[in-house]
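To keep things clear, I will list the structure first and then write my remarks on it.
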4 protein chains.
Amino acid sequence: MGEMDWRNFEQDSLPPLLRCAVKTFVAHGYHGTSTRTLARAAGLSLPGLYYHFASKHAIIVAIMDLAMDDLWRRSLAAHAEAGDDVVLQLGLHIQCLALFHAHRRELAFLASTELRSLEPEAQARSIAARDRQEYLLIDILRLGATRGAFDVADASQLARALITMCTGISQWFSTAGPLSPGSIANDYVRYAQRLVGLV
Amino acid sequence: MGEMDWRNFEQDSLPPLLRCAVKTFVAHGYHGTSTRTLARAAGLSLPGLYYHFASKHAIIVAIMDLAMDDLWRRSLAAHAEAGDDVVLQLGLHIQCLALFHAHRRELAFLASTELRSLEPEAQARSIAARDRQEYLLIDILRLGATRGAFDVADASQLARALITMCTGISQWFSTAGPLSPGSIANDYVRYAQRLVGLV
Amino acid sequence: MGEMDWRNFEQDSLPPLLRCAVKTFVAHGYHGTSTRTLARAAGLSLPGLYYHFASKHAIIVAIMDLAMDDLWRRSLAAHAEAGDDVVLQLGLHIQCLALFHAHRRELAFLASTELRSLEPEAQARSIAARDRQEYLLIDILRLGATRGAFDVADASQLARALITMCTGISQWFSTAGPLSPGSIANDYVRYAQRLVGLV
Amino acid sequence: MGEMDWRNFEQDSLPPLLRCAVKTFVAHGYHGTSTRTLARAAGLSLPGLYYHFASKHAIIVAIMDLAMDDLWRRSLAAHAEAGDDVVLQLGLHIQCLALFHAHRRELAFLASTELRSLEPEAQARSIAARDRQEYLLIDILRLGATRGAFDVADASQLARALITMCTGISQWFSTAGPLSPGSIANDYVRYAQRLVGLV
DNA sequence: TATGAATGAGCGTTCATTCAT
DNA sequence: TATGAATGAACGCTCATTCAT
């Protein structure tokens, strides 16, 4: 895990059934998608779907878990690469968030959108994962403030602003558009640096 | 309209049925909410609901239209108050967005969340309203850049970042929390100023 | 309740929907009957069925409760009529059981057949009602033995034999057959008297 | 066949798959048991089940046929042992029925419970077997009445009472209880003798 | 023999909506 | 205005069964 290439999004690790489900859930939402629609999208019969997953809910849970886990592992790898330099920590963290939301647009969109559709246990797990992500950024902001590198009054408020900003990418990014994930990530890193008073 | 007090959120103009509907849609989503649930939440019988609205869809449409219209009128009023000062234009615009997303938390949340649940015609209308909002901010950013007041490379990208940042408020703001809408708005104005290179 | 006419089976107190359900459940069993079949038998659409009952299970529960309650109230009335004469107590009790299983053939059949199809709570209630019935007879047998009127070694074993004997009526009785409920009941009373050593 | 030891229930002739099926059918009924449940109970995969039996229905049919055949052969052997003594004929017949319903509790329970779950052809066969059993007892009762040994008015009614009485054993008998099959059978023989006016 | 993977049909239930009153 | 009663269509899911391997 330590040697993970967190900037590499070439192979999509999702099994094909889940990839179809992601597309369909993004288009119509969890409650707006029927199991028949999911099955058709995956080229399966309805019972075929249930052979692979115990329930509709199990499908969205698998998606959420994979999404949160993927982002978390990339974030840790980025953090490790940054070493002790807090400015670099912030830069790589935002770069990681932005790349993830651009490259894994649909997955990231679901992860932030369908939290409320989960049943209690899975919801608690996903919320914990989301909070874990948030605290990673808050810690960076606080460290930078402590060291005098950042001008940050309320770290948790700013963290939320930064995170929603990046989340937004998954709402409008299109591979057909003029911007590449890399250039977007660079821009967002600069945004973040301005927000903490650098630059 | 020109003399509207865009900072005043005292009276909630929503009729009680719609207010109940907003709460329920926020909790479970449009497709996750049944008409029975809506009727029960509003203290009505099912046919009673249909006396007031032609369909479930008509309810979410009314909500979306009211939300977009309220924000739009406040935005115009803020813009008028700012006059020709582009820094003030940006400040009041962001203040207006932030106040709206804090004071009209649930309404704003629905407006950004349930776009995909609308039928084509209503969806087109809401998307147009969303874009209109976005262009208002883009124009401000471009004007500031033209005048040399702002350091903005890609105005539309930054506008989206600013807007999603503010949208985020509606996801985590709570009246029970330590922050008032006013102080949040002030903070977000400062964020915006930093993002355009002021401060 | 004390003045109930326990020999009178003229009016069937079941609402029409339940009467249809009884017939269908008798023919195919609870698990062998679909809600669509029930609805069709009752001349309703499927949601129409669910307007009156919360679930398929609620229907069988209503039937079981009505059956057990009806038999119990008749049994108490018969017991009251018998006064302190233990021979009469036995006679009227068996007469009551036999009349019930002949006149309420299908209802009685379900009550003894579908116990295992009930969910735990309802099952416990029905089992308690069945046991209550059984203990009423056991007490009569024990009283008769104590007073030297009956020659009974194992009262609870004999009670079960008597009860299953009567239960059997609901399996073969037909109003088209040559025997009337009244004559059957008389015969079964004589069976019971022989079994306790009278006659 | 004539030298069969009809009192011996030591070895259960059922193949293991059928024995598991009997247990499951008794617990949940034929329609309440899925083929998946059957396969799991037998430690087989679903296609493994279908290797041994052509269908779910074929399983219950095999069970019913074995049950009816076993009881029939024992009844004939008991009858042969009794010779021409009609009192002994009745005694051994009832002993045979009681022993069977206690020793083959579950099998006997299914035979009387799941008749309605069979498809027409198999159902007709099982009903014929049941009637054949019944006529054997009716004939004994009539013979006893003709010879003046029994005081029986309606032989077929009494036969049904006796048979359901014995059938009841399979509903409440437990090997963990205080009574042995043998003592139960003795008691039921005495019941029968009383019912025909002996003793 | 044995099983992973699949399916058409049907399950119990709920959906948004309507209508007679 | 208001509602008890109803419905066609669809929901999530499971049924008994099959087939390629």
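Convention: sequence-line order gives letters A, B, ...; per-chain numbering from 1.
Nucleotides of DNA chain F nearest to A:Thr33 and D:Ser55 differ in position, and the one nearer the 5' end is that of A:Thr33. Between B:His57 and C:Tyr30, the one whose closest nucleotide on DNA chain E sits nearer the 5' end is C:Tyr30.
If you take NZ of D:Lys56 and P of E:dA9, they are 19 Å apart, rounded to a whole angstrom. To the nearest angstrom, C1' of E:dT1 lies 14 Å from CG of D:Leu17. Atom NE2 in B:His28 sits roughly 16 Å away from atom C1' in E:dT14 (whole-Å rounding). Note: CG (B:Leu38) to C1' (E:dT14) measures 15 Å, nearest angstrom.
Taking the side chain as every heavy atom from C-beta outward, D:Leu17 and D:Phe53 approach each other to under 4.5 Å. Residues B:Phe25 and B:Thr113 have side chains not in contact (no heavy-atom distance under 4.5 Å, counting atoms from C-beta outward). Between D:Arg36 and D:Leu49, the closest side-chain pair of non-hydrogen atoms is not below 4.5 Å. Proximity of C:Ser126 to C:Leu118: side-chain heavy atoms (C-beta onward) are separated by under 4.5 Å at one or more points.
Using cut-offs of 30° and 60° for the angle between ring planes, the C:His57 and C:Tyr30 rings count as perpendicular.
Taking both residues in full, the closest heavy atoms of C:Ala111 and C:Met68 are given as CB-SD, 4.0 Å, listed atom of the first, atom of the second, then distance. Looking at every heavy atom in both residues, D:Thr33 comes nearest to D:Lys56 through O-NZ, 2.7 Å.
Looking at heavy-atom distances under 4.0 Å, C:Thr37 makes no contact with the nucleic acid at all. C:Ser34 comes within 4.0 angstrom of the backbone, heavy atoms only, and of no base.
With a 6.0 Å radius and a threshold of 12 heavy atoms from other residues, nucleotides or ligands, B:His31 has its NE2 atom above the threshold. Sparse packing is recorded around CD of C:Glu10, with 12 or fewer heavy atoms of other residues, nucleotides or ligands lying under 6.0 Å away.
DNA chain E contains the following stems of three or more consecutive Watson-Crick or G-U pairs, with both distances under 3.5 Å: E:2-21 with F:2-21.
Non-hydrogen atoms lying under 4.0 Å from DNA chain E are contributed by D:Ser45, D:Pro47, D:Gly48, D:Tyr51, all within residues 42-54 of chain D.
Residue-to-nucleotide contacts include no donor-acceptor pair under 3.5 Å from the side chain of C:Arg36 to the base of E:dG10.
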